[in-house]
Amino acid sequence: MATLEKLLHDRLASAFDLVAGMPTSPGVRRSKHADFQADGALALARQLGRKPRDVAADVVRVAQLDDLCTSVEISGPGFINLTVATDALASLLAEMTRDERLGIPSVAAPDTVVVDYSAPNVAKEMHVGHLRSTVIGDAVVRLLDWLGHRVIKANHLGDWGTPFGMLIEHLLDIGESEAVAELSLGDLNSFYKAARVKFDADDSFKERARQRVVALQGGDELTRRLWRLLVAASEKYFMTVYDRFDVCLTEKDFLGESFYNDMLHPLVDELDRLGLLRESDGAKVVFPVGFVNREGEPLPLIVRKRDGGFGYAATDLAAIRYRTQELEATRLLYVVGSPQRQHFEMVYEIAREAGWLRPPARAHHVGFGSILGSDGKMFRTRGGDTIKLVDLIDEAVSRAAALVEEIDQLDDAGRAEVARMVGIGALKYADLSNDRNKDYVFDWARMLSFEGNTAPYLQYARVRILSIFRQGGVTPVRDLVTLTVSEPAERALAIELLAFEGVIAEVAESLEFHRLATYLYGLAATFTTFYEKCPVLRAEDGVRDDRLALCDLTARVLARGLGLLGIGAPDRM
RNA sequence: GCGCCCGUAGCUCAGCGGAUAGAGCAGGGGACUUCUAAUCCCAAGGCCGCAGGUUCGAAUCCUGCCGGGCGCACCA
């Protein structure tokens with residue numbers, strides 16, 4: 001389906017091309033002076049050496065807009081103001097009601113997308129630091145999947161490295177069953193800390209740990225089994241967190257660092273063959289072009305450490321090669337904090353130089369800022385400790401439970417389910433409604449408020465709509481051929497609804513979910529104006545059905561939009 | 001030193017070259033015999049960090065400052 005804005009754009013583009021004699025952007029956008037405006041004449045006038053208003057007049061003369069607009073006027077210095085015909089609105093809306101996908105088709109040429117996100121560490125608690133990656137990455141997965149792309153979730157688990165020496169030795173000390181029980185239940189911090197304490201205090205333990213690392217890397221069978229035990233127990237725990245948080249990661253998506261172990265030696269060999277590998281201070285490194293260190297010298301990416309071990313850079317390179325060559329990925333997304341930006345830029349550059357990343361395949365760092373406390377510093381507990389992710393989730397749900405306590409139309413189980421949707425929704429939405437490039441300030445009261453740009457507000461807006469249907473005992477029809485849109489509030493809502501596709505298209509590329517959030521909030525706000533001004537159930541028969549259709553579409557767009565953000569929408573609250 | 005990100009109302013945030021810079025919160029004033037008032041409406045609140053430049057037009061693009069955050073060789 002063609003979206004309204006795109007239709008206007010295309011028609012005007014043809015007209016502009018005629019007037020300019022070359023491809024010219026019409027500059028169509030929403031306007032407060034009309035439904036839409038086109039700014040293209042102002043920019044074009046300069047190139048043609050003519051007056052903007054004259055250019056605009058020529059464009060209007062040749063533009064074929066009769067079926068779309070009732071009014072096309074030139075205003076100010078040369079803006080073209082467009083008022084959309086209600087017939088056009090009506091038929092587009094009717095088409096939208098009939099479409100299961102709300103006018104948004106599956107993509108014609110799907111990408112194979114690898115989304116690298118969440119990435120907790122084995123035997124370590126998930127904390128606030130994992131919140132944004134998990135929430136944003138999950139939204140990326142849901143959106144691209146819904147659009148019909150082939151999405152591969154890659155949970156780049158920290159399941160390898162020197163800490164496993166001490167972790168395995170600690171496991172042996174306390175016994176396998178005890179360790180597994182502790183880890184599966186989520187008592188990860190105390191397990192890790194206990195290991196750490198012994199490691200720091202006890203030299204013989206430290207030596208055992210060191211030996212154990214060697215055994216692990218050497219493939220010693222017992223050690224591997226114990227390691228696997230640690231990983232499995234942690235994965236089991238992480239799954240409980242994901243389930244509780246409504247995150248769509250599954251057991252199958254754990255693709256930890258260790259997965260790439262066997263690829264690391266061949267990787268180094270290939271870099272060597274390609275002539276990219278250098279020796280520096282005893283380490284094997286690659287110097288990607290365009291990167292310098294603080295002395296202005298070429299900045300290396302260390303592929304193999306002086307001691308022969310591999311660092312994360314090697315794993316990241318192996319992963320990128322695996323993803324493009326084995327998984328045949330065309331779009332690689334790394335949902336990782338902004339501080340790691342340079343690292344990934346270096347990895348991408350090397351991958352391009354090595355030929356592992358070439359068009360149409362592209363890699364993109366989906367970076368994000370930090371979560372801050374109300375004091376403007378990194379969000380921590382009052383004691384200065386990092387906050388566990390489960391604690392955050394639990395608090396969100398229990399705070400939401402206090403809010404929904406008064407709902408008398410639901411039983412206890414129903415209220416608990418609503419509390420979950422509201423609490424988790426609030427937490428996720430607070431993250432996704434902010435520009436991910438920026439830091440944001442964490443504030444329980446604000447995110448759980450029913451006023452302002454919050455998940456509860458959007459959820460509530462939809463509940464009010466469903467309440468109309470229940471109250472009237474009606475089911476909105478979805479096979480309309482046309483409908484009437486006459487009141488200003490109806491028009492405003494109609495135009496807002498028709499903008500959904502454009503927003504989705506934009507976010508699918510930029511992965512800036514706050515644009516979707518801003519849109520949904522605008523839609524909900526536009527709806528409440530409509531709700532105040534236009535009675536639905538009390539309207540006359542013809543009008544009533546049309547208003548019901550507007551309500552229904554709004555509810556569906558809200559539910560779909562929230563769903564793409566990983567947020568549920570309760571039917572009552 | 002080099003690089004990246006950020007600076008918009010008292011607070012939290014939108015605004016990816018267009019008309020008079022927008023929301024929410026807080027503070028002020030209103031609206032519940034009404035489809036859920038957990039809502040809505042009205043008024044008030046701004047040298048868009050500073051200074052130049054490009055442009056018919058700059059919060060938006062460029063340069064330089066100021067202020068804050070983060071990276072920059074064997075941790076991920």
Side-chain angles (χ1 to χ4, degrees), chain A residues 27 29 31-33 37 39 42-43 45-46 51-52 75-79 81 119 121 156 158 160-163 257 280-285 290-297 299-307 309-316 336-343 345-346 367 369-370 372 374 376-378 403-404 406-407 409 430 433-435 437-441 443 445-446 449-454 456-457 459-461 463-472 506 510 512 514-515 517-518 521-522 525 528-529 531-539 547 551 572-573:
Chain A
R29 70 195 72 228
S31 170
K32 49 185 165 183
H33 301 280
Q37 67 181 43
D39 310 327
L42 288 96
R46 170 108 183 133
K51 289 180 182 165
S75 158
F79 298 105
N81 285 347
N121 292 312
H156 201 74
W160 200 253
T162 47
E257 296 168 333
S280 177
D281 287 347
K284 307 271 193 197
V285 307
F291 293 88
V292 293
N293 67 8
R294 62 188 89 197
E295 275 78 41
E297 299 155 351
L299 183 65
L301 196 71
I302 293 166
V303 179
R304 192 164 183 190
K305 298 185 285 185
R306 193 171 10 203
D307 66 7
F310 296 100
Y312 58 93
T315 309
D316 284 334
V336 182
S338 294
Q340 291 188 52
R341 177 170 179 141
Q342 182 180 261
H343 166 72
E345 292 303 330
M346 290 172 77
S370 307
L372 308 177
S374 52
K377 294 178 183 160
M378 293 289 278
L403 290 177
V404 303
E406 59 194 72
I407 305 177
Q409 338 166 17
S433 59
N434 281 288
D435 182 345
N437 294 303
K438 300 185 185 178
D439 298 345
Y440 76 91
V441 177
D443 184 336
R446 189 153 20 90
S449 169
F450 284 82
E451 291 170 359
N453 189 9
T454 68
Y457 176 85
Q459 290 167 326
Y460 179 64
V463 163
R464 291 171 95 187
I465 297 171
L466 299 194
S467 178
I468 293 173
F469 302 153
R470 269 196 301 271
Q471 194 71 218
E506 197 285 322
S510 71
E512 291 174 343
H514 74 286
R515 293 178 188 280
T518 302
Y521 179 57
T528 51
T529 303
Y531 182 91
E532 300 285 329
K533 297 227 168 99
C534 302
V536 178
L537 294 175
R538 283 181 277 112
R547 288 186 178 166
C551 289
R572 298 168 193 264
M573 58 192 284

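Within every chain, numbering begins at 1; the chains are lettered A, B, ... in the order of the sequence lines, protein sequences first and strands thereafter.
Rounded to a whole Å, the CZ atom of A:Arg341 is 15 Å from the C1' atom of B:rG69. Computed from coordinates, the A:Asp39 CG to B:rU60 P distance equals 18 Å when rounded to whole Å.
Judged purely by atom type and a 3.5 angstrom limit, A:Ser467 has no side-chain atom pairing as donor or acceptor with the backbone of A:Val463. Panel note: side chain A:Asp439, backbone A:Ser370; a donor-acceptor pair is recorded below 3.5 Å. Side-chain atoms of A:Asp435 come within 3.5 Å of backbone N or O of A:Asn437 as a donor-acceptor pair.
Comparing B:rA73, B:rG18, B:rA14 against the side chain of A:Thr518 picks out B:rA14 as the nearest. When each of B:rC75, B:rU55, B:rC13 is scored by its nearest atom to the side-chain atoms of A:Arg46, the top-ranked nucleotide is B:rU55. Picking from B:rG71, B:rG1, B:rC40 the nucleotide with the shortest atom distance to the side chain of A:Arg294 gives B:rG1. When the nucleotides B:rG18, B:rU12, B:rC41 are ranked by their closest atom to the side chain of A:Thr529, B:rC41 comes out on top.
Nucleic acid contact for A:His156: none, since no nucleic acid atom lies under 4.0 Å from a heavy atom of the residue. If you check every strand for non-hydrogen atoms under 4.0 Å, A:Gly472 touches nothing. When heavy atoms are screened at a 4.0 angstrom cut-off, A:Ala43 is found touching base atoms of the nucleic acid. Counting non-hydrogen atoms under 4.0 angstrom, A:Arg306 reaches a base of the nucleic acid. Base contact: A:Ser75 has a heavy atom under 4.0 Å from a base atom. A:Glu512 comes within 4.0 angstrom of no nucleic acid atom, judged by non-hydrogen atoms across all strands. Among the heavy atoms of the strands lying under 4.0 Å from A:Arg29 are primed sugar atoms or P, OP1, OP2 only; no base atom is included. Residue A:Glu345 is classed as having no contact, given no heavy-atom separation below 4.0 Å to the nucleic acid. Here A:Asp435 lies in heavy-atom contact (under 4.0 Å) with sugar-phosphate atoms only. When heavy atoms are screened at a 4.0 angstrom cut-off, A:Asn437 is found touching the sugar-phosphate backbone but no base atom. Nucleic acid contact class of A:Leu299 (heavy atoms, under 4.0 Å, all strands): sugar-phosphate only.
The CE atom of A:Met573 lies 5.5 Å from the CD atom of A:Gln459; values are rounded to the nearest 0.5 Å.
Residue ring and base: A:Phe79 counts as stacked with B:rA19 (centre distance below 5.5 Å, interplanar angle below 30°).
Both A:Gly311 and A:Val285 lie near RNA chain B, and the one whose nearest nucleotide falls closer to the 5' end is A:Val285. For the pair A:Asn453 and A:Gly161, both in contact range of RNA chain B, the more 5′-proximal nearest nucleotide belongs to A:Asn453.
When side chains are defined from C-beta on, A:His156 does not count as touching A:Val336, because their heavy atoms never get closer than 4.5 Å. Within the 4.5 Å cutoff, the side chain of A:His33 has no heavy atoms near those of the A:Phe79 side chain. Using a 4.5 Å cut-off on side-chain heavy atoms (C-beta onward), A:Arg572 and A:Ile407 make no contact. You'll find the side chain of A:Leu301 stays beyond 4.5 Å of the side chain of A:Phe291, heavy atoms only.
Below the 3.5 angstrom threshold, one finds a donor paired with an acceptor across the side chain of A:Ser280 and the base of B:rA73. If you check distances only, the side chain of A:Glu295 never reaches the base of B:rC72 with a donor-acceptor pair under 3.5 Å.
With a 3.5 Å ceiling on both atom-pair distances, the Watson-Crick or G-U wobble partner of B:rU12 is B:rA23. Using N1 to N3 plus N6-O4 or O6-N4 for Watson-Crick, or N1-O2 and O6-N3 for G-U wobble, each under 3.5 Å, B:rG18 pairs with B:rC56. In this structure, B:rC72 forms a base pair with B:rG1, meeting either the Watson-Crick or the G-U wobble geometry with both donor-acceptor distances under 3.5 Å. B:rG46 makes up no base pair with any nucleotide shown, lacking Watson-Crick or G-U wobble contacts both under 3.5 Å. Under the Watson-Crick or G-U wobble criterion, with both distances below 3.5 Å, B:rA31 is paired with B:rU39.
Scanning all heavy atoms of the two residues, the minimum distance from A:Arg547 to A:Ala539 falls at NH1-CB, 3.9 Å.
Between A:Lys377 and the phosphate of B:rG68, there is no side-chain N or O to OP1/OP2 separation shorter than 4.0 Å. Proximity of A:Arg446 to the phosphate of B:rU12: no side-chain N or O atom is located under 4.0 Å from OP1 or OP2. For B:rU12, the OP1/OP2 oxygens have no side-chain nitrogen or oxygen of A:Lys438 closer than 4.0 Å. Listed pair A:His33 / B:rG18 fails the phosphate criterion, with no side-chain N or O lying under 4.0 Å from OP1 or OP2.
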Assign a letter to each nucleotide of nucleotides 28-38 of chain B from its 5' end: B, base within under 4.0 Å of a protein heavy atom; S, sugar-phosphate only; -, no contact. -------BBSB
